[in-house]
Amino acid sequence: MVGMPRIDFRSLTEADLPLLFEWLNRPHVAQWWDGPILYNEVLDRYGAHIRSESTSPYVVLLDGVPGGYIQSWVAALESEYWWEGVSDPGVLGIDQLLADPGGLCQGVGTAMVGQFVERRFQDPSVTRIILDTDPENFRAIRCYEKVGFRRVGVGTTPEGPVLLLTIERERFRAPTAASRL
């Protein structure tokens with residue numbers, strides 16, 4: 001990859017679901033997401049996100065071209081979630097993926113997550129952002145820690161253990177180009 005791409009976010013639409021289905025089934029994504037996933041599952045799950053008042057799904061545009069997915073969701077409204085005791089409506093969870101494995105370990109994920117977190121914190125009601133990842137997903141953990149997330153424990157999900165990470169508004173500093181690499 002030559003240079004850092006310009007990163008933008010646009011709302012996910014029904015027309016994006018076939019592309020998201022393809023991305024979720026790519027080996028480097030399916031390994032860490034619930035893959036492989038059936039098309040009807042994508043329609044049900046991510047179609048519901050499009051219509052949800054508590055989840056905000058986006059296509060990540062890299063130099064204007066769809067290149068990833070990112071979403072935020074209000075943690076207090078997730079009743080069956082492993083972040084126990086989150087009642088603050090200002091706590092958002094995020095999930096994300098890069099579609100092209102060539103973008104991995106190039107700083108693109110760090111820039112994407114950093115810019116998305118920065119945009120979430122532009123809303124004064126957002127107090128904290130949380131996420132989880134497989135404890136073996138070292139590449140993702142490194143990315144999140146470079147943005148400023150800190151480890152807070154391990155949770156248990158139906159799929160197995162997850163590493164829980166969080167970042168508070170006070171701790172967030174928008175990443176510089178040098179810190180993304």
Side-chain angles (χ1 to χ4, degrees), residues 12 16-50 52 54-60 67-114 116-117 120 126-168 171-172:
L12 182 75
D16 296 313
L17 295 178
L19 185 58
L20 184 58
F21 166 72
E22 191 236 316
W23 291 345
L24 289 166
N25 282 291
R26 289 184 177 177
H28 76 284
V29 175
Q31 175 184 8
W32 305 113
W33 283 60
D34 303 325
I37 187 169
L38 300 173
Y39 187 66
N40 286 342
E41 293 173 309
V42 171
L43 291 177
D44 291 345
R45 183 179 309 159
Y46 296 94
H49 290 343
I50 292 168
S52 171
S54 64
T55 302
S56 300
Y58 299 91
V59 171
V60 178
Y69 173 79
I70 197 162
Q71 67 182 19
S72 64
W73 39 270
V74 179
L77 299 178
E78 293 291 331
S79 60
E80 295 181 21
Y81 203 70
W82 38 91
W83 286 87
E84 294 180 17
V86 175
S87 59
D88 176 358
V91 177
L92 298 180
I94 63 171
D95 303 292
Q96 54 280 317
L97 65 86
L98 281 176
D100 179 6
L104 302 175
C105 299
Q106 302 296 313
V108 178
T110 302
M112 176 184 76
V113 172
F116 192 73
V117 167
R120 299 296 77 135
V126 176
T127 58
R128 181 167 58 118
I129 297 175
I130 60 176
L131 59 80
D132 60 73
T133 190
D134 186 297
E136 301 295 315
N137 192 348
F138 303 116
R139 182 174 43 229
I141 295 165
R142 183 167 183 254
C143 165
Y144 304 144
E145 290 179 334
K146 285 167 68 174
V147 171
F149 283 86
R150 64 183 172 80
R151 301 172 194 210
V152 293
V154 176
T156 303
T157 74
E159 291 81 30
V162 290
L163 179 63
L164 306 173
L165 298 103
T166 187
I167 188 168
E168 294 79 21
R171 286 200 56 200
F172 178 71

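Since the structure is predicted, the reported quantities are computational estimates derived from the model, not experimental observations.
No cation-pi contact links Arg142 to Phe138, judged by a cut-off of 6.0 Å to the six-membered ring centre and 45° from its axis.
Tested against Asp132, the residues Val162, Val154, Leu165, Thr166 include a single side chain to side chain contact (heavy atoms under 4.5 Å, CB included) partner, Val162. Exactly one residue among Phe116, Tyr69, Trp73, Tyr46 makes a ring pair (Phe, Tyr, Trp, His ring centres under 6.0 Å) with Tyr58. That residue is Phe116.
Atom NE2 of His49 is separated from atom CD of Gln71 by 4.0 Å, given to the nearest 0.5 angstrom. Atoms CD1 and CG, on Ile94 and Leu131 in that order, are 5.0 Å from each other to the nearest 0.5 Å. With values rounded to the nearest 0.5 angstrom, Ile141 atom CD1 is found 5.0 Å from Leu163 atom CG. From Trp33, atom CH2 reaches atom CG of Leu97 across 5.0 Å, with rounding to the nearest 0.5 Å. Leu24 CG to Leu38 CG: the interatomic distance, rounded to the nearest 0.5 Å, is 11.5 Å. Rounded to the nearest 0.5 angstrom, Ser54 OG and Leu92 CG are separated by 10.5 Å.
Residue Pro36 comes nearest to Ala30 through the heavy atom pair N-CB, 4.4 Å, listed as atom of the first residue, atom of the second, then distance. A pairwise comparison of heavy atoms in Val113 and Cys143 identifies CG2-SG, 4.2 Å as the closest pair. Closest of all the heavy-atom pairs between Arg139 and Trp32 is NH2-NE1, 4.2 Å. Closest approach of His28 to Leu98, counting heavy atoms only: NE2-O, 2.9 Å. Closest approach of Ala99 to Arg26, counting heavy atoms only: O-NH1, 2.7 Å.
Using a distance-only test at 3.5 Å, with no hydrogens or angles considered, no donor-acceptor pair links the side chain of Asp88 to the main chain of Ala76.
Considering only heavy atoms from C-beta on, Pro18 comes within 4.5 Å of Tyr39 through its side chain. Side-chain contact between Ile50 and Leu17: present, with at least one pair of heavy atoms (C-beta onward) separated by less than 4.5 Å.
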Val86 vs Arg128, test: side chain to side chain contact (heavy atoms under 4.5 Å, CB included). Steps then yes/no. CA-CA 11 Å; Val86 175; Arg128 181 167 58 118; 4.1 Å; yes

